[in-house]
Every structure is written in C-alpha cells, then in structure tokens.
*Asks:* 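Here it is, the structure in full.
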Protein chains: 2
Amino acid sequence: MTSTTTRERLLGSARTLFQRQGFAATGIKQILEVSDAASASLYHFYPGGKHDLAADAIRTSGAEYQALVESVLDSAPDPCAGVRACFDGAASTVEASGYQDACPIATVASEIANTDDELRQACADVFDSWIDAAAKRFRAAGVKPAAARELAVTFIMLLEGGFLMARVRRDAAPLRRAGRTMEALVRASLDS
Amino acid sequence: MTSTTTRERLLGSARTLFQRQGFAATGIKQILEVSDAASASLYHFYPGGKHDLAADAIRTSGAEYQALVESVLDSAPDPCAGVRACFDGAASTVEASGYQDACPIATVASEIANTDDELRQACADVFDSWIDAAAKRFRAAGVKPAAARELAVTFIMLLEGGFLMARVRRDAAPLRRAGRTMEALVRASLDS
DNA sequence: GTCTATAAACCGATAGAC
DNA sequence: GTCTATCGGTTTATAGAC
C-alpha cells in the first residue's frame with residue numbers, strides 16, 4: 001500500500017524533471033501534468049512556486065544520493081573498492097536509464113550558479129555534504145585529514161566530470177575509467 | 001579599427017549568454033538587446049532561430065577554447081607543466097570573471113543532453129576534438145596511444161568537474177587542486 | 001486542500017515595408 | 001539587411017468557489 005500524497009508526487013516529478021531537463025526548461029505546467037495535480041496545490045505546498053520547489057528538490061535529491069553513496073562505500077571492504085563501486089554503479093545507472101539519469105543536481109547547479117544565489121548555495125551545501133561524507137571515510141581508513149578532504153573533493157569532481165562526459169557522449173566507459181583512476185588515487189593516499 | 005558585423009555581435013552575445021545562463025534561460029529578446037540587433041536580422045543569419053544560433057555558438061566556442069588549451073600546452077616545457085598550466089589558467093579566468101565564465105559549453109551540454117540530439121552531438125564533437133588534441137600531445141611526449149587517450153579523457157573530465165565545483169562553491173581552489181592531480185597522473189604515465 | 005478559470009507578461013518566430 | 005509591428009502560444013502565478 002504505497003499511498004502517495006499530492007505533495008510527494010509534486011516533489012517527485014519536479015526532482016526527476018529538473019534532473020533530466022534542468023530548471024529553466026522544466027515548466028510548472030509539465031510538473032503539474034506528471035504529478036496529476038492542480039496548480040493551486042503546488043502554490044499551497046510551495047508558496048514561492050517553482051523556486052521553492054527547486055530548493056526542496058535540490059536538498060532532498062542531494063540527501064538521497066548521499067545516502068546511496070554512503071551505503072556503497074560502507075559495504076565495500078576498503079575505500080579503494082568503495083570509490084570504484086561508486087563509479088561503476090553510477091555508470092550502470094546512467095546506462096540503464098538510457099543516459100537520462102546522472103547527477104541529480106548538476107544540470108540545475110550549472111544553470112543557476114550565476115543567476116540565483118539561493119539555489120546556488122543549496123547546491124553548494126549538497127556538494128559540501130557529499131565531500132564531508134567521503135572525507136570522513138577516507139580518514140577512517142588512515143588518510144590524514146587534509147589529504148582526505150582533498151581526495152574527497154577530487155572524488156566529486158571526477159564523478160561530476162564523468163557524469164557530463166557520459167551523458168554527452170552517450171558512453172558510460174569514461175565513468176568507469178574515472179573510477180579506476182580514483183581508486184588509484186585513493187590507494188596512493190593510503191600507502192603514504 | 002574593429003568593425004563588428006551584426007552577425008558577429010549576435011554570435012558573440014549568444015555565446016556569452018549561453019555560457020553563463022544556459023540555453024533555456026537565455027531568451028532571444030535578451031540576445032537581441034545585448035547585440036543591439038533587430039529580430040529579423042537574427043532570422044536572416046540563422047533561419048533556424050535560437051537552435052541554429054546555439055549550434056554555431058557551441059562549435060565556435062569549442063574551437064576557440066581548444067585553441068587556447070593547445071597554446072597553453074604547446075608553450076609549456078612538458079605535458080606535466082602543460083596540464084597544470086591549463087588548470088591554473090582556468091582557475092584564474094573563473095576568479096577574474098567573478099565565477100561567471102568557466103567552460104564555454106558545459107551548461108548548455110548538460111541541459112540539452114537528453115532533449116536535443118543535434119545540439120548534444122555538437123557538444124560531443126567538441127569534447128572529442130578536445131580529447132584528440134590532448135591525446136596527440138601526450139603521445140608526442142611518449143605515452144602509448146591507448147593510455148594517451150584515456151589520460152586525455154580524464155583531463156577533460158577533471159577539468160569539467162573542477163569548473164562545476166568552482167562555480168557552485170565560488171572557490172577556484174578545487175580547480176587548482178585538480179591541476180596538481182592531473183599533473184601527477186601525466187607524470188605517472190610518462191614514467192611507465 | 002483541491003477545483004476551474006484566468007490574469008498579465010513573455011516566449012520564439014514571422015510579415016511586410018523599405 | 002534592417003526596420004516596425006505583431007501573431008499565436010506559453011509562461012508563472014493568482015482568484016474565487018467548493
């Protein structure tokens with residue numbers, strides 16, 4: 001019995017559409033159609049309209065993806081295998097969705113970085129949280145704090161670059177390639 | 001005497017606006033205002049309208065950025081210093097523009113990857129061309145062809161991830177950090 | 001909370017004179 | 001090649017009944 005509220009459907013549709021098409025190209029009308037909801041419902045739950053909805057989409061999608069990455073990292077025998085599994089899993093997801101689903105926030109982040117400081121900050125918070133989560137695990141594996149953080153930043157940069165490359169070229173191989181590179185970087189940090 | 005034609009102004013404005021705001025958020029009206037041109041002029045030079053203009057913007061911006069990267073790589077004493085100079089230069093440009101100007105095509109590429117196959121292919125061609133240019137130089141420095149290409153793909157992924165991270169967090173340090181990582185990866189490939 | 005109807009502005013694109 | 005004027009459609013957001 002999976003009863004979904006109108007609010008849940010609105011947020012869910014918005015998250016998917018923003019992820020795949022970006023902020024500007026996704027219309028309120030389209031979100032309402034996919035959600036099978038009325039216009040007034042959206043403004044009831046999100047008085048600020050499209051902007052409020054996007055802020056919630058960024059926060060919740062960021063948190064969900066973080067939980068996924070954390071579970072992958074934590075179920076691997078060591079951080080090397082962990083980061084590699086993250087990239088391999090990302091590659092499989094991208095392929096399975098026909099190159100539609102990659103990073104949940106990257107397209108919106110790229111669009112609004114110069115034009116909407118509130119949404120930009122929400123995206124920055126998500127990235128920071130992802131970096132913290134990864135850095136914490138690298139430290140736990142014996143990497144020094146400063147190096148662990150830099151490694152975590154590189155992890156996210158490589159993942160984002162891989163997502164973009166895979167989507168544009170319709171080829172998940174670069175993402176898997178990035179995973180092996182990241183694995184080597186983590187290994188080098190553990191040895192030193 | 002730098003006389004600019006209407007066509008040049010249209011393309012120039014479009015390139016800047018698409019780079020900073022993306023495709024969907026940039027209106028024809030805004031492009032015309034910045035270009036100080038009439039609506040009919042745009043459709044005279046670009047019968048396909050916004051779509052044609054974007055295709056030209058992607059191609060010309062891609063070629064121009066490639067020429068810049070090539071000149072930086074070619075004026076460095078070796079590929080290690082070359083890739084590092086690319087990231088340091090990118091970081092300086094991002095900072096100098098107040099975090100507005102990063103990759104000329106990434107925002108548009110991310111937006112249209114799922115929704116416009118013609119523009120997606122134009123972006124894919126740009127990335128391929130950048131990768132070829134970098135791979136060629138790694139080969140010339142002694143890296144085996146297959147490894148050189150993989151190194152070049154990693155170069156672009158790390159650059160794109162760095163651009164996004166820098167813009168969203170308003171901090172160019174991750175981009176410089178990525179440069180040192182890339183330098184180490186090139187050095188490791190040269191030693192083997 | 002949800003319905004229907006609609007306001008008010010803006011969108012990309014085009015017509016026709018010059 | 002460029003001007004002015006404008007078309008038809010869509011956009012975000014709101015009003016008022018229920």
Side-chain angles (χ1 to χ4, degrees), chain A residues 1-58 107-108 111-112 114-120 122, chain B residues 1-58 107-108 111-112 114-120 122:
Chain A
M1 193 60 186
T2 0
S3 64
T4 57
T5 66
T6 301
R7 191 199 167 112
E8 286 168 346
R9 292 200 312 280
L10 282 168
L11 181 58
S13 308
R15 281 173 52 172
T16 303
L17 291 168
F18 286 148
Q19 173 178 16
R20 297 184 179 179
Q21 307 176 338
F23 180 74
T26 300
I28 293 277
K29 190 183 173 185
Q30 188 182 14
I31 294 173
L32 293 173
E33 281 168 3
V34 175
S35 307
D36 192 33
S39 173
S41 295
L42 192 154
Y43 291 95
H44 171 71
F45 295 114
Y46 297 96
K50 190 181 184 181
H51 188 270
D52 276 14
L53 188 50
D56 201 15
I58 290 165
T107 302
V108 173
E111 276 185 280
I112 50 76
N114 293 330
T115 53
D116 190 316
D117 206 63
E118 202 175 314
L119 295 183
R120 181 196 64 75
Chain B
M1 194 57 189
T2 1
S3 64
T4 56
T5 65
T6 300
R7 188 194 171 117
E8 285 168 347
R9 290 200 313 281
L10 283 167
L11 180 59
S13 307
R15 283 173 50 173
T16 303
L17 292 168
F18 285 147
Q19 173 178 17
R20 297 184 178 179
Q21 307 178 337
F23 180 75
T26 300
I28 293 279
K29 191 183 172 186
Q30 188 183 14
I31 294 173
L32 294 173
E33 281 168 4
V34 176
S35 308
D36 193 34
S39 174
S41 295
L42 192 156
Y43 291 94
H44 170 72
F45 294 114
Y46 297 96
K50 191 181 184 181
H51 188 271
D52 275 14
L53 188 51
D56 201 15
I58 291 166
T107 302
V108 173
E111 276 185 279
I112 51 76
N114 292 331
T115 52
D116 190 317
D117 206 63
E118 203 175 313
L119 295 183
R120 182 196 63 76

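To find a chain, count down the sequence lines: A is the first, B the second, and so on, and within it residues start at 1. Being a predicted model, the structure only gives us computed values, none of them experimental. These numbers come from the heavy atoms of this one structure, side chains and all, not from hydrogens, waters or symmetry mates.
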*Asks:* Would you indicate, yes or no, if C:dA13 has its OP1 or OP2 atom less than 4.0 angstrom from a side-chain nitrogen or oxygen of B:Y43?
*Replies:* yes
*Asks:* Between B:L32 (CG) and C:dA13 (P), how many Å, whole number?
*Replies:*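 One finds 11 Å between P of C:dA13 and CG of B:L32, rounded.
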*Asks:* Please report the distance, rounded to the nearest Å, between CG in A:D36 and C1' in C:dG1.
*Replies:* 15 Å
*Asks:* Just by modelled atom types, is the B:A25 backbone N or O under 3.5 Å from a matching donor or acceptor in the A:E111 side chain?
*Replies:* no
*Asks:* In Å, rounded to the nearest 0.5 Å, how long is the span from CZ of A:F45 to CG of A:L11?
*Replies:*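 Answer rounded to 0.5 Å: 11.5 Å.
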*Asks:* Of all the nucleotides listed (C:dA13, C:dT2, D:dC3), which has the minimum atom distance to the side chain of A:S41?
*Replies:* C:dT2
*Asks:* How close or far is atom P of C:dA13 from atom OH of B:Y46, stated in whole angstroms?
*Replies:*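 Roughly 14 Å, once rounded to whole Å.
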*Asks:* Whole angstrom is fine here: how far is it from NE2 in B:H51 over to P in C:dA13?
*Replies:* 10 Å
*Asks:* For C:dT14, does OP1 or OP2 lie under 4.0 Å from any side-chain N or O of B:S39?
*Replies:* no
*Asks:* Using a 4.0 Å cut-off on heavy atoms, which residues in residues 22-31 of chain A reach DNA chain D? List them by number, or say none.
*Replies:*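 Nucleic-acid contacts, sorted: A:T26, A:G27, A:I28, A:K29.
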*Asks:* Once you round to the nearest 0.5 Å, how far does CD1 of B:I58 lie from CZ of B:R120?
*Replies:* 11.5 Å
*Asks:* Verify the neighbour count for atom CD of A:E118: are there more than 12 heavy atoms of other residues, nucleotides or ligands below 6.0 Å?
*Replies:*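 No - once you tally the heavy atoms of other residues, nucleotides and ligands closer than 6.0 Å, there are 12 at most.
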*Asks:* To the nearest Å, give me how far apart CZ (B:F45) and C1' (C:dT14) are.
*Replies:* 17 Å
*Asks:* Does any pair with a residue in residues 17-28 of chain B pass side-chain hydrogen bond (donor to acceptor under 3.5 Å, both in side chains), and if so which ones, sequence neighbours excluded?
*Replies:*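 Output for this query lists B:R20-B:D101, B:Q21-B:T26.
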*Asks:* Rounded to whole angstrom units, what separation is found between the NZ atom of B:K50 and the P atom of D:dG9?
*Replies:* 19 Å
*Asks:* In whole Å, what is the span from the NE2 atom of A:H44 to the P atom of D:dA13?
*Replies:* 17 Å
*Asks:* Looking at A:L42, A:L17, A:L10, A:T4, which one forms a side chain to side chain contact (heavy atoms under 4.5 Å, CB included) with A:S35?
*Replies:*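 Between A:S35 and the candidates, side chain to side chain contact (heavy atoms under 4.5 Å, CB included) is satisfied uniquely by A:L10.
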